[in-house]
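Because the structure is a prediction, the values reported are computed rather than measured. Both counts, for ligands and for their atoms, begin at 1 and track the order of listing.
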Amino acid sequence: MSTDVDNPFFARLWTALSGHETEAMRRLRKENLSGLRGRVLEVGAGTGTNFAHYPPTVTEVIAVEPERRLAAHSRDAAAHAPVPVTVTTDRVEQFSAAEPFDAIVCSLVLCSVDDVDGVVRQLFSMLRPGGELRYLEHIAGTGARAALQRFADATLWPRMLGNCHTHRNTEAAITAAGFEVDDARREWMLPAWAPLPVAEVALGRAVRPAG
Ligand SMILES: C[S@@+](CC[C@H](N)C(=O)[O-])C[C@H]1O[C@@H](n2cnc3c(N)ncnc32)[C@H](O)[C@@H]1O
C-alpha cells in the first residue's frame, strides 16, 4: 500500500468545500476538540481545517494526511495554528509512534479508510489507557436516507469523494474495538431535508478504558 496519495480531483474539490464551511460545521469542529490536552494524533487532516480550533492545553498535534496536495495545505494551516502541529504524508495504517497518544481526533475520515474496523482497532492500540478518541463522522442513517446512502456508496460517490462511504456503522466499529463511548449525539451538518447522503454526523467521545 502506498503512503502518498495522488488524487488531484478530490484534492481540488475538498480544498474548495473545506474553505466554505458553515458556521454550524465550525461549531461542531470546535466542540469535537474542546477540552483536549496533551499529545494528539489527527487522522486524515485534509486542509488542516481543525487546526485553528485546538485548545491551548494541547501540547503537540501529529497530523497524518496522505494526499500530497491536501498535506501541503495542512502544512500552511499548521504554520498558523495556536498549538504545535506536525504534518506527515502517511496513511494512518502505515503510521506508528514511539509513545502512545493522549487523544486521537477523527473528523470526516473514518468513512474514507478501506478497513474501518482495522483502523479503529489500530487507533485503540495507539492511545494510552484512559486516552480518548474524538470523532465527528458521517454515519449510516435509516429509512429513505439509508437507501440513498447505499445507492451513493455503490455508484460514483466514493470514486468522486476520496473513497467516502456514507452508509458506515462507524460507532459500532468504535465499540467493537473496545472503546467506551461516554458522550455521543447526532447532528445535522446540512439541513435535514437536504437530499444528500452526508447530511447527518455523529459527534462523540470514546475512551480506551484505563484498566
Ligand atoms: C473528507 S476529508 C476530511 C478531512 C479533515 N479530516 C476534515 O475534517 O476536514 C478525508 C481525509 O481523509 C484522508 N484519508 C483517507 N484515507 C486515509 C487514510 N487511510 N489515512 C489517513 N488519511 C486518510 C483523505 O486524504 C482526506 O484528506
Sorted by chain and residue number, the side-chain hydrogen bond (donor to acceptor under 3.5 Å, both in side chains) partners of Ser18 (sequence neighbours excluded) come out as Thr47
In this structure, which one of Arg134, Arg185, Arg205 forms a salt bridge (Lys or Arg N to Asp or Glu O under 4.0 Å) with Glu31? Arg185
Would you say the side-chain atoms of Asn32 and Ser107 include a donor-acceptor pair closer than 3.5 Å? no
Run the side-chain hydrogen bond (donor to acceptor under 3.5 Å, both in side chains) check on Asp153 and Thr166 step by step: do they pass? CA-CA 6 Å; Asp153 290 357; Thr166 64; 2.9 Å; yes
Judged by atom type as modelled, is there a donor-acceptor pair below 3.5 Å linking the side chain of Ser74 to the main-chain atoms of Gly46? yes
Would you say Arg186's side chain and Ala202's backbone share a donor-acceptor pair under 3.5 angstrom? no
May I have the N/O to N/O pairs between ligand 1 and the protein that fall below 3.5 Å, each with atom names and distance to one decimal?
from: ligand 1; atom 1: 6 (N); to: Gly44; atom 2: O; distance (Å): 2.6
from: ligand 1; atom 1: 6 (N); to: Ser107; atom 2: O; distance (Å): 2.6
from: ligand 1; atom 1: 6 (N); to: Ser107; atom 2: OG; distance (Å): 3.4
from: ligand 1; atom 1: 8 (O); to: Arg29; atom 2: NH1; distance (Å): 2.8
from: ligand 1; atom 1: 8 (O); to: Arg29; atom 2: NH2; distance (Å): 3.3
from: ligand 1; atom 1: 8 (O); to: Ser107; atom 2: O; distance (Å): 3.2
from: ligand 1; atom 1: 8 (O); to: Ser107; atom 2: OG; distance (Å): 2.5
from: ligand 1; atom 1: 9 (O); to: Arg29; atom 2: NH2; distance (Å): 2.9
from: ligand 1; atom 1: 19 (N); to: Glu93; atom 2: OE1; distance (Å): 2.8
from: ligand 1; atom 1: 19 (N); to: Glu93; atom 2: OE2; distance (Å): 3.3
from: ligand 1; atom 1: 20 (N); to: Val92; atom 2: N; distance (Å): 2.9
from: ligand 1; atom 1: 25 (O); to: Glu65; atom 2: OE1; distance (Å): 3.4
from: ligand 1; atom 1: 25 (O); to: Glu65; atom 2: OE2; distance (Å): 2.7
from: ligand 1; atom 1: 27 (O); to: Glu65; atom 2: OE1; distance (Å): 2.5
from: ligand 1; atom 1: 27 (O); to: Glu65; atom 2: OE2; distance (Å): 3.3

